[in-house]
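The chains referred to below are lettered A, B, ... by the order of the sequence lines, with proteins before strands, and numbering in each begins at 1.
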Number of protein chains: 4
Amino acid sequence: MSEEMEQWVAEMLRINDLDAKMTDKQIKIIKAAVETFSEKGYAASSTSEIAQKAGVAEGTIFRHYKTKKDLLLSIVAPMMTKLIAPFVLKDFNKVLHSAYPKYEDFLRAVIKNRMEFARNNLPIIKIMLHELPFQSELQAQFKEHIAKKVFNRLQEVVEHFQSDGQIIAIPSHVAVRVSVSVLIGFCFARFFLLPELDWDEEQEIEYSIDFIMHGLAPRE
Amino acid sequence: MSEEMEQWVAEMLRINDLDAKMTDKQIKIIKAAVETFSEKGYAASSTSEIAQKAGVAEGTIFRHYKTKKDLLLSIVAPMMTKLIAPFVLKDFNKVLHSAYPKYEDFLRAVIKNRMEFARNNLPIIKIMLHELPFQSELQAQFKEHIAKKVFNRLQEVVEHFQSDGQIIAIPSHVAVRVSVSVLIGFCFARFFLLPELDWDEEQEIEYSIDFIMHGLAPRE
Amino acid sequence: MSEEMEQWVAEMLRINDLDAKMTDKQIKIIKAAVETFSEKGYAASSTSEIAQKAGVAEGTIFRHYKTKKDLLLSIVAPMMTKLIAPFVLKDFNKVLHSAYPKYEDFLRAVIKNRMEFARNNLPIIKIMLHELPFQSELQAQFKEHIAKKVFNRLQEVVEHFQSDGQIIAIPSHVAVRVSVSVLIGFCFARFFLLPELDWDEEQEIEYSIDFIMHGLAPRE
Amino acid sequence: MSEEMEQWVAEMLRINDLDAKMTDKQIKIIKAAVETFSEKGYAASSTSEIAQKAGVAEGTIFRHYKTKKDLLLSIVAPMMTKLIAPFVLKDFNKVLHSAYPKYEDFLRAVIKNRMEFARNNLPIIKIMLHELPFQSELQAQFKEHIAKKVFNRLQEVVEHFQSDGQIIAIPSHVAVRVSVSVLIGFCFARFFLLPELDWDEEQEIEYSIDFIMHGLAPRE
DNA sequence: AATGAATGAGGATTCATTCAT
DNA sequence: CATGAATGAATCCTCATTCAT
């Protein structure tokens, strides 16, 4: 397993640790499952291959996870929570207003923080993206948390910056959509489309934020 | 099968018709395969289910497509070509310059045209998006056509509009990236994320283009 | 197809010609079947492969041969008849006594004649040897003709030469067995075990016959 | 299963036991496979039939033998080794010279010993004979062991007896060939051609050896 | 807790054979 | 006569899951 993978797994374990203490074997199983699912997709991965890669018996997997799908969910579900964690902080708004006087400060903070997180969890994010359309449990969780909480939070943020005149008075969902599109578009290009390129992340982020700020600036 | 699906299939058949005349059974097989693959994903779809849905014997599938993967590729590969067809027109640049005096005209034409195409081919596009990361044949075709041809074309377009002062003099790849992010972000929200919403497409497109144009406008 | 194969097929066609006039396609089918059966065995050969190799449609085979087994039998059955043809000549005994005053003359004539025949029909003989244990129809024919007719003929021959003192007075079936073993043993080595060796057939045959004659010579 | 079959299987298990301990199910699988392969041939035997005959699930076969061919090889390959075991003994020559002062003693010992072995392993030997021409792995092993080791050993033996004047000075390979032909010819008739006959084996062997000894005796 | 042998349903694919053209 | 599309049973093999040890 590559060192990169090691890091991802470490990060992911920190997540699951929050839920429960895992045995040594359990850790190996999760490592192997993440590696396998992200390489071949969930449906094309076999539990026997995962067991083999984890160095445990086939039965051991099912002692810890009732079904193969259970294993998937135990990997992906906590990731979804973590992924949007900053947006559901208790004192999100309070922190926000004091910490980020300008919309671009907010964008800069968010993109840097979430990119760092994504970088440490790429394989699981890849798994999540692929299985979301097929796993109704994940979809439910996704809609519940992202669509509702995160999107609402972002709308609040945008509306806050519209109210003090930093952002043009278009429907807030539009401002959210275009902001998010640009930043996620960058992440997607950076991590999935052309990961092998030698990106100047700082520069690209600045261009992106500058673009968003001008695109959303109040018209004269 | 829903009427929507009927339309997609009709569009897709028009594509394959260009290549070869298909028998009645072949059409049924493709219909069933598209439906099944897009609902469950390629790996989780079984040839027996496809055969049943198509109303043919399982063996019939393999008379027309040597393997299950062949069936997938025969559906997805031509779609990729069609998807980027406008960008590889012979006289793309000539048409472009005379037809679209402004960058926003170009963006508007492209997004409307491609959205119409996508709308008629959603299931296949969904299949394509899902299988791209796992099917190396598709990846190869994708990199060859999209990454090279389309991206280069878009860079040329952007550079053209930069040279006449419509677009700010940032690296052209950045301008391409943010433009594409915004438009694809909209398509993604429209078709996949919240398809059930009652979108005012015209309005959303105008907001998006306005955002892009201001984001890329030369700074005063 | 090798030239050797060409010859075999030619010989085999002469055989089948006795039974019925064959169309051009029929000939091609038989050629392809012989080649395939002898290379992979009957059970492991598919009719579609034979059809392809013969350059005919799959259905064409079944127009001429009701089943795959029919095709096999139509190839092998006539071969069995031909293989032992000399022994069931009408005037076998008459010819024998006048033509071969000594047992070794008889052996020499038989081995040379049958080796020539075998050389021209190796693939079909190989097929026959392999399928005999599994095809009861062939077994029945084999027992009927070989075991009864040929073996009886050979016993008569041996007894004839015993009666005039050329061969030791052991049970005739033993003399037949050892004679046949030595000659077939040679054919087997020559054609199947080590066909690539540069055999001096004349010499080997003489050694073999000399061995048989001394082994069967009356003891002093 | 007949008592005869029971014995064969017992003998065969003794062989495999040397390699590894087998589970109860594994033994049943091997029994069923030997029975089926020898009755219908390898290609015409289905794993489902073998599983049924063995009283196990079809999947169980593939837990122990990766493929159907693996199952075949695990049956046949060790048999080949056993079949020629006496000829590759470490102190073959030493034993030979002291134990068998005459060529006929050697022949008698070998034929009796190998017939006993063959009698206990007929079905596997039948399988081996049938599959040798189609399984390149077996052919390789056969050529390596039989052709090289056994044949060379027999040549050495014959040359030893030629040097002390017991056998005529013909090329040793000829003496080997005719000797082996007569003995194998007998085995073949005894076990495969006419197994139902009431053979007086002792007598037939004596006739055969007497025939060989006279056939190879130095000419006066 | 961990094992791994056992399961049998289901996987993709091939088969011999039929029949409308 | 010849075709080749169509069949569906049968092929070998893999799968997720269970359970006695």
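- Judged by closest nucleotide on DNA chain E, D/Gly55 is the one of B/Tyr42 and D/Gly55 placed further toward the 5' end.
- Look at CG on D/Asp70: it is 13 Å from C1' on F/dC13, rounded to the nearest Å.
- B/Ile61 places its CD1 atom 16 Å from the P atom of F/dA5, with the value rounded to the nearest Å.
- Between C/His64 and F/dC1, a side-chain N or O to OP1/OP2 separation shorter than 4.0 Å is absent.
- Atom CD1 in C/Ile61 sits 5.5 Å away from atom CD1 in C/Ile29 (nearest 0.5 Å).
- When every heavy atom of D/Ala43 is checked against every heavy atom of C/Ala43, the shortest pair comes out as CB-CB, 3.7 Å.
- A straight line from CD1 of A/Ile50 to P of E/dT3 spans 16 Å, rounded to a whole angstrom.
- Look at CD1 on C/Ile29: it is 14 Å from P on E/dA16, rounded to the nearest Å.
- C/Lys25 NZ to C/Thr60 OG1: the interatomic distance, rounded to the nearest 0.5 Å, is 6.0 Å.
- We find that D/Lys31 and D/Glu35 are not joined by a salt bridge, their nearest charged nitrogen and carboxylate oxygen being 4.0 Å or further apart.
- Both A/Ser45 and B/Lys25 lie near DNA chain F, and the one whose nearest nucleotide falls closer to the 5' end is B/Lys25.
- C/Leu129 and D/His130 make their closest contact through O-NE2, 4.4 Å (heavy atoms, listed as atom of the first residue, atom of the second, distance).
- If you check E/dA16, E/dA2, E/dG11 against the side chain of B/Ser46, the one that comes closest is E/dG11.
- As a whole-Å value, the separation of B/Lys28 NZ from F/dT7 C1' is 14 Å.
- Nearest approach of B/Leu132 to B/Gln139, heavy atoms of both residues: O-NE2, 2.9 Å.
- One can place CD of C/Gln26 at 8 Å from P of F/dA2, the figure rounded to the nearest angstrom.
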Q: Report the secondary structure of DNA chain F in dot-bracket form, marking unpaired bases with a dot and bases paired to a different strand with |, and treating Watson-Crick or G-U pairs with both distances under 3.5 Å as paired.
A: .||||||||||||||||||||

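- Note: CG (D/Leu72) to P (F/dC13) measures 12 Å, nearest angstrom.
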Hey, what are the protein-to-nucleotides 17-21 of chain F N/O distances that come in under 3.5 Å?
residue : atom : partner : partner atom : Å
F/dT17  : OP2  : A/Lys68 : N            : 2.7

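- Closest approach of D/Tyr65 and D/Ser74 over heavy atoms only: CE2-OG, 3.2 Å.
- A donor-acceptor pair shorter than 3.5 Å cannot be found between the side chains of D/Glu58 and D/Ser48.
- When the nearest nucleotides of DNA chain E are assigned to A/Thr23 and D/Val56 by heavy-atom distance, the more 5′-ward of the two goes with A/Thr23.
- Residue B/Thr60 is classed as a base contact, given a heavy-atom separation below 4.0 Å to a base.
- Summarising the geometry, the separation between CD on D/Gln52 and P on E/dA9 is reported as 13 Å, rounded to the nearest angstrom.
- A donor-acceptor pair is defined here as one N or O able to donate and one able to accept, closer than 3.5 Å; such a pair exists between the side chain of B/Glu131 and the backbone of B/Tyr42.
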